[in-house]
Enquirer: 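Here it is, the structure, as structure tokens.
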Number of protein chains: 2
Amino acid sequence: MPGSKVVRSVDRALEIVELLARSERPQTLAELSHTLDIPKSTLHALLWTLTGRGWIESDEASGRFRIGLHALLVGRSYVESDSLIAMSGAVLDQLAAETGETVHIGRLDGTSIVYLDKRESVHPLRLFSAIGRHLPAFTTALGKSILAELPEDQLEAQLPQPLTRLTPHTITDLGALRADLALTRERGYAVDNEENSEGIKGFAVALRTSEPPHDALSCAIPVARIHDDTEETVVARLREAADRIRGRVSSRAF
Amino acid sequence: MPGSKVVRSVDRALEIVELLARSERPQTLAELSHTLDIPKSTLHALLWTLTGRGWIESDEASGRFRIGLHALLVGRSYVESDSLIAMSGAVLDQLAAETGETVHIGRLDGTSIVYLDKRESVHPLRLFSAIGRHLPAFTTALGKSILAELPEDQLEAQLPQPLTRLTPHTITDLGALRADLALTRERGYAVDNEENSEGIKGFAVALRTSEPPHDALSCAIPVARIHDDTEETVVARLREAADRIRGRVSSRAF
DNA sequence: CGAGAACGTTCCCAAATACGAACAAAGTTC
DNA sequence: GAACTTTGTTCGTATTTGGGAACGTTCTCG
């Protein structure tokens with residue numbers, strides 16, 4: 001691992017693309033300049049370069065920038081090149097059919113969980129989620145199932161400071177979180193009690209395809225559809241699915 | 001539109017990401033240096049910057065680079081922010097169910113067609129395709145359906161020089177291609193007679209959501225499953241689907 | 001197991017980029 | 001509709017980046 005010599009223009013260009021990818025609405029040059037704290041003149045050249053390659057598109061009329069067509073190719077290829085995600089597609093299909101609820105496969109990235117793939121619930125009430133989106137790991141079942149397996153010294157690095165509240169149920173006390181993770185490790189699965197989104201409970205099991213694990217499988221269910229035996233049933237299905245994925249995947253191919 | 005002042009390091013960084021996205025296998029620094037004609041020392045800084053942001057990942061052991069997790073977010077957002085693609089999802093589902101074959105929605109990008117979304121055939125024999133991938137427009141039904149609607153002076157710019165052969169059926173003569181496009185315009189749909197992939201025929205109609213159009217809808221079918229009435233039936237379904245999409249979409253929202 | 005090739009990394013100067021300020025064009029307010 | 005605000009664009013120079021060559025390390029092959 002070499003010294004930390006970052007090329008500023010590249011770093012900023014990526015920042016621009018990421019911001020536009022997150023933004024609901026296309027952004028003007030001035031908005032970007034303000035948000036990213038980059039001088040307008042500098043932004044100008046960067047935006048022009050990104051536009052030239054089709055990574056961002058500018059609307060001639062409004063002068064606003066949005067993500068471009070070439071970004072599409074790049075995103076797909078991550079999914080397609082990763083053997084774990086490729087292998088788990090069929091398992092997700094089956095899991096979604098069995099549970100009838102929204103299922104996700106997610107990966108730990110720093111303090112965040114990134115959704116790698118999903119299958120939507122057949123029911124009208126849906127959880128909002130998007131592939132590629134980052135959520136605080138400690139507020140999700142996916143994240144907690146992975147965090148629970150980390151060695152004590154690594155855990156610290158994967159937790160944000162402070163534990164920011166997302167709902168009234170979010171665990172914001174470090175001690176309480178540690179206790180929850182210990183419980184998770186003991187029973188072998190994680191539970192999200194409306195800690196990330198009000199009205200949504202989640203269950204997740206870590207995929208032990210690496211040590212420590214960085215991927216997990218989850219099922220998210222609106223509280224209205226949770227019954228006495230839901231947890232038991234769903235967790236059993238999740239465990240079966242995780243076992244099937246582990247069977248299919250050797251290890252991450254480089 | 002400002003003058004063409006491209007920031008070289010950014011341009012190169014994007015080139016690296018695009019190459020890694022296209023590559024089947026992870027690449028070493030030396031391979032990238034050779035392919036992209038960038039000095040190793042320069043690449044070093046660029047790769048480090050890209051790695052720092054999670055756009056590419058390096059395997060510590062082999063020293064090879066592959067596309068990274070952060071690229072995922074970016075690709076999804078293009079699809080989600082484009083109202084045409086969002087609106088056409090349900091129509092693609094229906095079209096795939098009706099035809100039982102692989103259906104695509106594609107967009108013209110320079111001389112290429114980019115697959116925006118797809119539904120796979122239920123049959124075992126499948127066409128290889130990937131969302132985000134570029135194919136020469138003039139060799140595909142999708143591309144030809146759009147090219148046929150372009151004004152004469154614009155057409156020239158959307159054709160590569162020369163018309164490179166992909167299969168024995170590829171139309172490599174400009175005159176022949178113009179004649180085919182004239183026929184396409186007349187009958188209102190395009191036919192790909194194994195011009196892109198041997199053994200696969202395609203039918204496509206342009207989506208007249210803009211003038212000239214840049215999007216199209218297609219159905220790709222292995223020749224073995226083509227019968228006397230296949231063309232007629234499939235084209236009728238495509239036209240209905242195109243009408244439904246046009247009905248749903250106002251125009252591209254900026 | 002030893003020689004040779006290939007690879008990743010570091011260094012420093014030539015070449016590029018970044019940015020403040022100034023300008024022009026468009027949009028807003030009264 | 002005039003003055004004001006805001007936005008996008010251009011320019012020249014201080015600052016950062018790029019690249020040839022050289023270094024140490026790891027593979028490769030006989």
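Nothing here was measured: the structure is a model prediction, and the numbers come from that model.
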Enquirer: Between B:Arg76 (side chain) and A:Gly132 (backbone), is there a donor-acceptor pair under 3.5 Å?
Expert: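 Answer holds: no.
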Enquirer: Give the rounded distance in Å between these two atoms: NE2 of B:His34 and P of C:dC7.
Expert: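 Taking atom P of C:dC7 as the reference, NE2 of B:His34 is at 10 Å.
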Enquirer: In whole angstroms, how far is the P atom of C:dC19 from the CG atom of A:Leu32?
Expert: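 So the two atoms are 15 Å apart, to the nearest Å.
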Enquirer: Side chain of B:Pro39: nearest nucleotide among D:dG18, C:dG8, D:dG20?
Expert: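 Nearest nucleotide to the side chain: D:dG20.
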Enquirer: How far apart are the C-alpha atoms of B:Trp55 and A:Trp55, what are their side-chain angles, what is the distance that settles it, and do they pass the ring-ring contact (aromatic ring centres under 6.0 Å, His included) test?
Expert: CA-CA 14 Å; B:Trp55 280 66; A:Trp55 280 66; 5.8 Å; yes
Enquirer: Any idea which of C:dA18, C:dT9, D:dT9 is nearest the B:Leu29 side chain?
Expert: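 Among C:dA18, C:dT9, D:dT9, the one nearest the side chain of B:Leu29 is C:dT9.
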Enquirer: Specify the separation, in whole Å, of atom CD1 of B:Ile38 and atom C1' of D:dG20.
Expert: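 So the two atoms are 16 Å apart, to the nearest Å.
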Enquirer: Quick one: sort the B:His134 and A:His70 rings into parallel, tilted or perpendicular, breaks at 30° and 60°.
Expert: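 Plane angle between 30° and 60°, so tilted.
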Enquirer: Toward the 5' end of DNA chain D, which comes first, A:Ser41 or B:Leu46, by nearest nucleotide?
Expert: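 Upstream on the strand: A:Ser41.
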Enquirer: Just checking B:Thr42: base, sugar-phosphate only, or nothing, at a heavy-atom cut-off of under 4.0 Å?
Expert: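 Touches a base.
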Enquirer: Considering only D:dT16, D:dG8, C:dG8, which nucleotide approaches the side chain of A:Arg8 most closely?
Expert: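 Of the options given, the side chain of A:Arg8 lies nearest D:dT16.
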Enquirer: Contact class for B:Ser9 vs. all strands (heavy atom < 4.0 Å): base, sugar-phosphate, or nothing?
Expert: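 Counting heavy atoms under 4.0 Å across all strands, the contact made by B:Ser9 is with sugar-phosphate only.
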Enquirer: B:Leu36 has an atom CG; how far is it from atom P of D:dG18, in whole Å?
Expert: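 These atoms are roughly 14 Å apart.
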Enquirer: Give the C-alpha distance, both sets of side-chain angles, the deciding distance and a yes or no for side-chain contact (heavy atoms from CB on, under 4.5 Å) between B:Thr170 and B:Leu163.
Expert: CA-CA 9 Å; B:Thr170 304; B:Leu163 302 176; over 6 Å; no
Enquirer: Nearest whole Å is fine: how far is C:dT17 P from A:Trp48 CH2?
Expert: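 Value for this atom pair: 15 Å.
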Enquirer: Measure from CG on A:Asp11 to P on D:dT17 and round the result to the nearest Å.
Expert: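 Rounded to the whole Å, the gap is 10 Å.
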Enquirer: How long is the span from the CZ atom in B:Arg165 to the OG1 atom in B:Thr139, to the nearest 0.5 Å?
Expert: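 It comes to 12.0 Å.
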Enquirer: Figure out the CZ/C1' separation between B:Phe65 and C:dG8, and round it to whole Å.
Expert: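 Between C1' of C:dG8 and CZ of B:Phe65: 9 Å.
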Enquirer: What is the distance from CD of A:Glu31 to P of D:dT6, rounded to the nearest Å?
Expert: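 After rounding, the gap between these two atoms is 13 Å.
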Enquirer: Taking the side chain of B:His44 as heavy atoms from C-beta outward, which of C:dT10, D:dG18, C:dA18 is closest to it?
Expert: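 Selected nucleotide: C:dT10.
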Enquirer: Checking contacts here: which listed nucleotide (C:dA16, C:dC7, D:dG8) is nearest the side-chain heavy atoms of A:Ala30?
Expert: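 The answer is D:dG8.
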